[in-house]
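The structure presented is a predicted model; accordingly, all values stated were derived computationally and were not measured. Heavy atoms only: backbone and side chains are in, while hydrogens, waters and symmetry mates are out. Chain naming here is simple, since letters A, B, ... match the order of the sequence lines and numbering starts at 1 in each.
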Amino acid sequence: MNYWLIKSEPFKYSWEQFKKDKKTFWDGVRNYAARNNLRDMKKGDLAFFYHSNEGVEIVGIAKVVKEHYQDPTTDETAWFAVDFAPYKDLKKPVSLEAIKKEPSLEKMDLVRLSRLSVGKVTQAEFDKICLMGETTI
DNA sequence: GCCAACGTTGGC
DNA sequence: GCCAACGTTGGC
């Protein structure tokens, strides 16, 4: 089991919309580091859903329901899409500010590589954020 | 709206 | 294969 973090601007695609849709596919990634993370996701893996620009906080947890396949928005075979379903709301959203204040989380991809749209999350980081979000899996 | 960080591109 | 220029992302 691996853990991830996916970013979305709520303006484009929010957690609320995601819950309504019940399922979405993550496409349009055009960055090799993010692409590699998509490629490494396995069915059943969990990913934090992060709102960038507005909110700037982790609002929920999504689950990988379909592993990577050819990104339907391009003919280039280099790019992948992954399907997610909503898994759980965070009882309390965890803000970037709170994450930055927490020494055990300062090495997160989210903090170090702020521009990366799909980042890795370690087991320890995952547990810690669930705790901060008052959410149990 | 500004700016820092970083990835990508292209000239040499 | 280096590196400057440029574009994009995202926090503030």
Are the ring centres of A:F48 and A:F126 closer than 6.0 Å?
-> yes
Set of ring pair (Phe, Tyr, Trp, His ring centres under 6.0 Å) partners for A:W4, sequence neighbours left out = none
A:R30 near the nucleic acid: base, sugar-phosphate alone, or nothing, with a heavy-atom cut-off under 4.0 Å?
-> nothing
Tell me which donor-acceptor pairs under 3.5 Å the side chains of residues 87-98 of chain A have, and how far apart each pair is, sequence neighbours excluded?
{"residue": "A:K88", "atom": "NZ", "partner": "A:T136", "partner atom": "O", "Å": "2.4"}
{"residue": "A:D89", "atom": "OD1", "partner": "A:K19", "partner atom": "NZ", "Å": "3.4"}
{"residue": "A:D89", "atom": "OD2", "partner": "A:W15", "partner atom": "NE1", "Å": "2.9"}
{"residue": "A:D89", "atom": "OD2", "partner": "A:K19", "partner atom": "NZ", "Å": "2.9"}
{"residue": "A:S95", "atom": "OG", "partner": "A:A98", "partner atom": "N", "Å": "3.1"}

Sole candidate of A:N31, A:V64, A:D27, A:V29 that passes side chain to side chain contact (heavy atoms under 4.5 Å, CB included) when paired with A:L38 = A:V29
Considering only nitrogen or oxygen atoms on both sides, find all protein atoms under 3.5 Å from nucleotides 9-12 of chain C and state each distance.
{"residue": "C:dT9", "atom": "O4'", "partner": "A:R115", "partner atom": "NE", "Å": "3.4"}
{"residue": "C:dT9", "atom": "O2", "partner": "A:R115", "partner atom": "NE", "Å": "3.3"}
{"residue": "C:dG11", "atom": "OP1", "partner": "A:Y50", "partner atom": "OH", "Å": "2.7"}
{"residue": "C:dG11", "atom": "OP2", "partner": "A:N53", "partner atom": "N", "Å": "3.1"}
{"residue": "C:dC12", "atom": "OP1", "partner": "A:K100", "partner atom": "NZ", "Å": "2.9"}

Once you round it to whole Å, what is the distance between C1' of B:dT8 and CG of A:L113?
-> 16 Å
Does the pair A:D109 and A:K7 meet the rule for a salt bridge (charged side-chain N to carboxylate O under 4.0 Å, His left out), with working shown?
-> CA-CA 12 Å; A:D109 280 0; A:K7 283 189 196 174; over 6 Å; no
Atom CZ of A:R35 and atom P of B:dT8: how far apart are they, to the nearest Å?
-> 10 Å
